Student: 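Structure incoming, see below.
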Amino acid sequence: MMHSVFILGDSYSTFAGCIPQGYPSYYSPADLAGTGVISPAQTWWQPILARHRCRLVCNCSYSGSTICNTGYAGQDYSDISFVGRLTQWVSRGGFTENTVDTVFIFGGTNDTWAGSPIGEAAPEEMPNLYAVFPACNALLHMLRENLPKAQMFWILEPAVSGQVAEAVLDACGKYGVQAIRLKSVEKINGHPTAKGMASISDQVEACLEKNTPKEGEI
């Protein structure tokens, strides 16, 4: 059963005021993108938190971020990538000061769109964090090292395909992370609408019902 949740995501998981200060958000009450998502209650994650009555420890989501350190046009994203932000959270004692029993990772879209290099598997102590394959492994290695008993889910939206999806699925299999392959999601300009967010929430919830132990179960 979920009690305390940590989210690591990109624009799909952002909402103004619900992410760390200074992190850019795609979604806000102003709805500048015209998605119809004008409240945190319309995100994919807020209904899940409410339904399970659990606490959000941190929504560490950054709009436009890649898993690996190579961003759009080959830019260095080491400060804002998934592995970069997680490293910063760990170094600040985020997991020692806060109890976390459930982790949601929602990423891979920007690596796909940016054409980030795929790379190959590498030892966790010497990963090439500028390529997707080793970055996925390093990310989950770090999470498992800090949260060995937490249940973890990696959400993959339909646009994540090919080698990026293969890299994510390979790492999930290696570290015991449940991959959630989303089906149809309504979008505007590549981003979920209010209807799309509801669909994501429902699909994630369906996976949780299958994979989350009930009270009293071992």
Side-chain angles (χ1 to χ4, degrees), residues 1-10 12-15 18-20 23 40 43-62 65-68 81-109 121 124-125 127 129 132-157 160 165 167-182 200-218:
M1 186 173 182
M2 296 192 300
H3 295 287
S4 50
V5 174
F6 179 81
I7 298 172
L8 186 62
D10 53 27
Y12 286 23
S13 301
T14 62
F15 196 90
C18 299
I19 55 178
Y23 283 18
T43 64
W44 69 265
W45 44 271
Q46 186 62 46
I48 292 174
L49 296 177
R51 194 175 298 124
H52 292 267
R53 299 179 182 178
C54 50
R55 178 176 65 97
L56 179 61
V57 174
C58 180
N59 182 350
C60 190
S61 296
Y62 193 110
S65 61
T66 48
I67 301 165
C68 73
S81 68
F82 281 50
V83 287
R85 281 177 285 128
L86 182 62
T87 299
Q88 294 164 25
W89 173 263
V90 170
S91 67
R92 293 195 298 266
F95 290 136
T96 56
E97 297 174 0
N98 298 277
T99 298
V100 172
D101 56 43
T102 305
V103 176
F104 289 106
I105 307 152
F106 198 162
T109 304
E124 283 79 3
E125 64 271 16
L129 298 179
V132 179
F133 198 117
C136 287
N137 279 272
L139 184 77
L140 297 188
H141 176 79
M142 196 185 321
L143 281 169
R144 278 295 175 216
E145 191 172 51
N146 285 275
L147 301 170
K149 296 182 179 180
Q151 58 177 350
M152 300 183 188
F153 302 89
W154 192 313
I155 306 168
L156 280 172
E157 59 108 354
V160 181
V168 170
L169 294 174
D170 182 85
C172 285
K174 185 181 298 183
Y175 291 98
V177 174
Q178 176 66 48
I180 303 176
R181 304 285 313 256
L182 299 178
I200 294 172
S201 186
D202 288 345
Q203 291 180 63
V204 172
E205 183 61 40
C207 183
L208 289 175
E209 290 178 359
K210 293 180 180 179
N211 293 279
T212 304
K214 304 297 188 297
E215 285 287 357
E217 292 183 354
I218 298 176

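Source: prediction; values computed, not measured.
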Student: Identify the two heavy atoms, one from S201 and one from I48, that lie closest to each other, and give their separation to 0.1 Å.
Tutor: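 Result for this residue pair: OG-CG1, 3.6 Å.
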Student: Distance check, rounded to the nearest 0.5 Å: L139 atom CG versus M152 atom CE?
Tutor: 9.5 Å
Student: Would you confirm whether the ring centroid of F106 sits within less than 6.0 angstrom of the ring centroid of W45?
Tutor: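 Centroid distance W45-F106: not below 6.0 Å, so no.
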Student: What is the distance from atom CD of E157 to atom OG1 of T109, rounded to the nearest 0.5 Å?
Tutor: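 The distance works out to 3.5 Å.
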Student: Does the ring center of F6 lie less than 6.0 Å from the ring center of F95?
Tutor: yes
Student: Could you check if a side-chain atom of K174 sits within less than 4.5 angstrom of a side-chain atom of N137, using non-hydrogen atoms only?
Tutor: yes
Student: Taking all non-hydrogen atoms of both residues, which atom of R181 and which atom of V160 are closest, and how far apart?
Tutor: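 Minimum heavy-atom contact is NH2-O, 3.9 Å.
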Student: Measuring only between side-chain heavy atoms, which start at C-beta, is E205 closer than 4.5 Å to H52?
Tutor: yes
Student: Passes ring pair (Phe, Tyr, Trp, His ring centres under 6.0 Å), F15 versus W44? Steps please.
Tutor: CA-CA 11 Å; F15 196 90; W44 69 265; over 10 Å; no
Student: May I ask you to test the M2-Q151 pair for a side-chain heavy-atom distance under 4.5 Å?
Tutor: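 They are in contact (side-chain heavy atoms under 4.5 Å apart), so the answer is yes.
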Student: Do you know which two heavy atoms are closest between R144 and Y175, and how far apart they sit?
Tutor: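 R144 and Y175 have their closest heavy atoms at NE-O, 2.9 Å.
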Student: Output the distance between atom CH2 (W154) and atom CG (L140), rounded to the nearest 0.5 Å.
Tutor: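 W154 atom CH2 to L140 atom CG measures 5.5 Å (nearest 0.5 Å).
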Student: Return the minimal non-hydrogen interatomic distance between F133 and A167, and the atom names on each side.
Tutor: CA-CB, 3.8 Å
Student: Might you point out which heavy atoms bring I180 and Q203 nearest each other, and give the distance in Å?
Tutor: CG2-O, 4.4 Å
Student: Evaluate the side-chain proximity of S4 to C54: yes if any heavy-atom separation is below 4.5 Å, no if none is.
Tutor: no
Student: Quick check for you: to the nearest 0.5 Å, what is the distance between S81 atom OG and L129 atom CG?
Tutor: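 Going from OG on S81 over to CG on L129, the span is 7.5 Å.
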Student: Tell me whether R53 at atom CZ has more than 12 heavy atoms from other residues, nucleotides or ligands lying less than 6.0 Å away.
Tutor: no
Student: Considering only heavy atoms from C-beta outward, does the side chain of C207 approach that of Q178 to under 4.5 Å?
Tutor: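 Yes, their side chains come closer than 4.5 Å.
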